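I have placed the structure first, in the form of structure tokens, so that the comments after it can refer back to it.
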Amino acid sequence: QVQLVESGGGLVQAGGSLRLSCAASGRTVSSYYMGWFRQAPGTEREFVAAISRSATGIYYADSVKGRFTISRDNAKNTVYLQMNSLKPQDTAVYYCAARERVVFSNSESSYDYWGQGTQVTVSS
């Protein structure tokens with residue numbers, strides 16, 4: 001199985017940018033379909049973006065389309081989430097997740113492995 005560790009979160013002003021990283025260990029990240037989810041206080045965890053093993057399939061939630069970019073570097077065993085034009089409503093804990101089945105899913109329950117999350121706070 002794979003272990004996932006997120007980093008790169010922090011406090012940023014509205015309009016700013018952050019890049020989140022998800023470092024994998026235990027098994028190579030190239031074996032997995034990868035996703036990013038987020039959870040704001042008092043809400044359920046929601047899908048943000050997903051990327052196929054070869055990065056030929058990339059999907060975004062409508063709320064982040066055009067602002068966020070998911071990518072992966074299988075040689076570095078790392079997945080990234082570049083977040084631009086951040087808004088206060090992007091404030092949440094962001095989680096990286098890995099899925100054994102290599103088809104697209106935006107369902108939290110279909111992902112098999114999760115990181116511990118990294119806090120992103122966007123001030124207005």
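If you're wondering where the values come from, they're calculated on a predicted model, not measured in any experiment.
Looking only at distances, no side-chain donor or acceptor of Thr78 sits under 3.5 Å from a matching main-chain atom of Ala23. Between the side chain of Gln82 and the backbone N or O of Thr69, no donor-acceptor pair lies under 3.5 Å. When atom types are taken as modelled, the side chain of Asn77 and the backbone of Ala24 share a donor-acceptor pair closer than 3.5 angstrom. A donor-acceptor pair is defined here as one N or O able to donate and one able to accept, closer than 3.5 Å; no such pair exists between the side chain of Asn106 and the backbone of Phe47. Between the Arg72 side chain and the Tyr33 main chain, no donor and acceptor come within less than 3.5 Å of each other. Using a distance-only test at 3.5 Å, with no hydrogens or angles considered, no donor-acceptor pair links the side chain of Gln13 to the main chain of Ser123. Listed for the Asn84 side chain is no donor-acceptor partner under 3.5 Å among the backbone atoms of Ser17.
Under the 3.5 Å distance criterion, with hydrogens and angles disregarded, a donor-acceptor pair is assigned to the side chains of Ser54 and Thr56. Checking Tyr60 against Arg67 by side-chain atom types alone, no donor-acceptor pair falls below 3.5 Å. In the model, Arg99 has a side-chain atom that pairs as donor or acceptor with a side-chain atom of Ser110 under 3.5 Å.
Using a 4.5 Å heavy-atom cutoff, the side chains of Arg19 and Tyr80 are in contact. Side-chain contact check for Cys96 versus Trp36: some heavy-atom pair is nearer than 4.5 Å. Thr91 is listed as a side-chain neighbour of Gln119, based on a closest heavy-atom distance under 4.5 Å.
Note that the CG atom of Asp90 and the CG atom of Leu18 stand 10.0 Å from one another [nearest 0.5 Å].
Between Met34 and Cys22, the shortest heavy-atom contact is CE-SG, 4.3 Å. Residues Ala98 and Val2 approach most closely at CB-CG1, 4.1 Å, considering heavy atoms. Of all non-hydrogen atoms in Glu6 and Gly117, the two that sit nearest each other are OE1-N, 2.9 Å. Here the closest heavy-atom approach between residue Ile51 and residue Ile70 is recorded as CG2-CD1, 3.6 Å. Arg53 and Asn74 get closest at one heavy-atom pair: O-ND2, 3.2 Å.
Cluster annotation: Ile58 is connected to Val48 through the hydrophobic network of ILVMFWY side chains, with a link wherever side-chain heavy atoms come within less than 4.5 Å. Using a 4.5 Å cut-off between side-chain heavy atoms of Ile, Leu, Val, Met, Phe, Trp and Tyr, with links allowed through other members, Val93 and Val122 fall into different hydrophobic clusters. Under the 4.5 Å side-chain contact rule for hydrophobic residues, Tyr94 and Tyr59 do not share a cluster. Hydrophobic clustering, with ILVMFWY side chains joined whenever heavy atoms are under 4.5 angstrom apart, keeps Tyr95 apart from Tyr113.
Test Glu44, Arg45, Gln39 against Glu108 for side chain to side chain contact (heavy atoms under 4.5 Å, CB included) and you get one pass: Arg45.
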Check your understanding: Should Gln1 and Asp112 be marked as a side chain to side chain contact (heavy atoms under 4.5 Å, CB included) after you check the CA-CA gap, both sets of side-chain angles, and the distance that decides it?
Key -> CA-CA 9 Å; Gln1 63 181 38; Asp112 303 292; over 6 Å; no

**Study point:** Intermediate values then yes/no, side chain to side chain contact (heavy atoms under 4.5 Å, CB included), Ser21 and Lys76
**Key:** CA-CA 11 Å; Ser21 298; Lys76 293 184 177 179; over 6 Å; no

Review point. Do Ser105 and Ser107 pass the side-chain hydrogen bond (donor to acceptor under 3.5 Å, both in side chains) test, and can you show the C-alpha distance, the side-chain angles, and the key distance before you say yes or no?
Key: CA-CA 5 Å; Ser105 174; Ser107 170; 4.7 Å; no

Point to revise | salt bridge (charged side-chain N to carboxylate O under 4.0 Å, His left out) evaluation trace for Asp62 with Lys65 | key: CA-CA 5 Å; Asp62 287 343; Lys65 205 171 292 184; 3.1 Å; yes

Practice item. Please assess Met83 against Val120 for the test side chain to side chain contact (heavy atoms under 4.5 Å, CB included), listing each intermediate value before the final yes or no. Key: CA-CA 10 Å; Met83 306 186 296; Val120 171; 3.8 Å; yes

Check your understanding: After noting the C-alpha distance and the side-chain angles of Val64 and Arg38, does the key distance pass the side chain to side chain contact (heavy atoms under 4.5 Å, CB included) rule?
Key -> CA-CA 11 Å; Val64 307; Arg38 67 185 182 186; 3.9 Å; yes

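For Phe37 and Tyr111, the distance between ring centers is under 6.0 angstrom.
More than 12 non-hydrogen atoms from other residues, nucleotides or ligands lie less than 6.0 angstrom from CZ of Arg27.
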